[in-house]
Amino acid sequence: MSTPEDSTVQAAGCVLWRRSPVGDGLEICLVHRPKYDDWSHPKGKLKREEDPLAGALREVAEETGHRAVPGHELLTLHYTANGRPKRVRYWAAEAAGGGFTPNTEVDRLLWLPPVAARNRLTQPRDRDLVDALLDALRTT
């Protein structure tokens, strides 16, 4: 017998950040997905039995071309996508090298200061993740 949890799409992602190469601040990585024409944090569905953090780091690598050093777990977002409930766990992650190559899933990548990143994100729910990242970095 299936439970409501069984029908929930499990996903994970990261709020990927780096120290600004020009100045003292930090920059947050956003990806553009042409299928949805949206700007978001790198994330994706977990594979069967995949550890959520491992899945989040895999998605960062696949979507951005960057390796990431995970930090604090941030928020878990719950919403409906394509008529199904979706649960996405997010972690803070510092970029640790790599390079972006456009592909069919993600065609553009931007590194933006936090205020600009909040403004560029398509979904309002994703904006809370910027604040959660900044709070997590202040406490470490």
Side-chain angles (χ1 to χ4, degrees):
M1 181 176 196
S2 67
T3 65
E5 184 71 18
D6 292 339
S7 65
T8 299
V9 175
Q10 300 295 324
C14 292
V15 180
L16 187 65
W17 66 277
R18 70 179 183 189
R19 305 228 178 265
S20 174
V22 291
D24 295 332
L26 65 92
E27 296 177 329
I28 295 172
C29 179
L30 301 183
V31 295
H32 181 263
R33 302 178 305 165
K35 178 178 179 180
Y36 304 105
D37 190 24
D38 71 351
W39 288 95
S40 67
H41 301 287
K43 67 179 177 305
K45 294 177 192 161
L46 296 176
K47 296 178 179 179
R48 184 178 295 283
E49 305 296 321
E50 184 175 30
D51 175 76
L53 178 55
L57 296 173
R58 175 184 53 76
E59 287 292 338
V60 165
E62 289 175 3
E63 293 189 357
T64 72
H66 286 80
R67 294 181 312 283
V69 177
H72 292 286
E73 185 168 2
L74 300 174
L75 305 174
T76 298
L77 300 183
H78 299 267
Y79 54 94
T80 301
N82 300 318
R84 290 183 62 196
K86 188 169 189 174
R87 177 179 188 250
V88 188
R89 291 175 64 182
Y90 284 93
W91 280 264
E94 185 174 7
F100 176 67
T101 302
N103 58 65
T104 56
E105 189 176 356
V106 174
D107 64 348
R108 289 184 280 165
L109 178 144
L110 289 175
W111 288 98
L112 297 170
V115 170
R118 280 183 108 266
N119 292 334
R120 179 64 64 106
L121 286 160
T122 302
Q123 293 295 329
R125 64 179 169 256
D126 290 340
R127 296 176 188 146
D128 292 338
L129 291 161
V130 173
D131 299 331
L133 170 70
L134 296 176
D135 288 345
L137 293 177
R138 272 194 285 275
T139 62
T140 55

Non-hydrogen atoms of N103 and E105 that approach each other most closely: OD1-N, 2.8 Å

R138: side-chain hydrogen bond (donor to acceptor under 3.5 Å, both in side chains) partners, not counting sequence neighbours: D135

For D128, which residues count as a side-chain hydrogen bond (donor to acceptor under 3.5 Å, both in side chains) partner, sequence neighbours excluded? none

P42 versus C29, closest heavy-atom pair with distance: CD-O, 4.0 Å

side-chain contact (heavy atoms from CB on, under 4.5 Å) involving P21 - partner list, sequence neighbours excluded: R18, E27

Can you get from I28 to V31 by hopping between Ile, Leu, Val, Met, Phe, Trp and Tyr side chains that sit under 4.5 Å apart? no

What pairs of residues pass the side chain to side chain donor-acceptor pair (under 3.5 Å) test when at least one of them lies in residues 70-80, not counting sequence neighbours? E73-R89

Quick one: do L121 and L26 end up in the same hydrophobic cluster if we chain Ile, Leu, Val, Met, Phe, Trp and Tyr together by side-chain heavy atoms under 4.5 Å apart? yes

Heavy-atom side-chain proximity of P114 to W17 below 4.5 angstrom: no

Closest heavy-atom contact between P52 and A12? O-CB, 3.3 Å

Could you tell me whether a side-chain N or O of R127 sits under 3.5 Å from a main-chain N or O of R118, the two making a donor and an acceptor? yes

Within residues 50-62 or reaching into it, pairs that qualify as side chain to side chain donor-acceptor pair (under 3.5 Å) - sequence neighbours excluded: E50-R58, R58-E62

Do any pairs count as a ring pair (Phe, Tyr, Trp, His ring centres under 6.0 Å) and have a residue in residues 117-140, sequence neighbours left out, and if so which ones? none

Would one find more than 12 heavy atoms of other residues, nucleotides or ligands at under 6.0 Å from atom CZ of R19? no

Which residue pairs satisfy the ring pair (Phe, Tyr, Trp, His ring centres under 6.0 Å) criterion with at least one member in residues 117-140, sequence neighbours excluded? none

In the single-linkage hydrophobic clustering (I, L, V, M, F, W, Y; side-chain heavy atoms under 4.5 Å), do L112 and V130 co-cluster? yes

Mind checking what makes side-chain hydrogen bond (donor to acceptor under 3.5 Å, both in side chains) contact with N119, not counting sequence neighbours? none

Suppose the criterion is ring pair (Phe, Tyr, Trp, His ring centres under 6.0 Å): which pairs have a residue in residues 105-140, not counting sequence neighbours? H66-W111

To check you understand the geometry: which heavy-atom pair defines the closest contact between W91 and G71, and what is its length? CD1-O, 3.6 Å

Common cluster, L53/L77, ILVMFWY with side-chain heavy-atom separation under 4.5 Å: no

Any side-chain heavy-atom pair from V9 and N82 closer than 4.5 angstrom? no

Using the ring pair (Phe, Tyr, Trp, His ring centres under 6.0 Å) rule, collect all pairs that involve residues 33-60, keeping only residues at least two apart or in two chains. H32-W39

Give a yes or no on whether L110 and L129 share a hydrophobic cluster (residues Ile, Leu, Val, Met, Phe, Trp, Tyr; joining criterion: side-chain heavy atoms under 4.5 Å apart). yes

What closest approach, in Å, do V106 and R33 show between heavy atoms, and which atom pair accounts for it? CG2-CG, 4.4 Å

Sequence neighbours excluded and cut-off under 3.5 Å, please list the side-chain donor-acceptor pairs for residues 94-101, or say none.
none

Locate the shortest heavy-atom distance separating A117 from L30; write the atom from each residue and the value. O-CD1, 3.7 Å

Quick one, Q123 and S40 - any side-chain contact, counting heavy atoms below 4.5 Å? no

Partner set under side-chain contact (heavy atoms from CB on, under 4.5 Å) for A92, not counting sequence neighbours: L74, L133

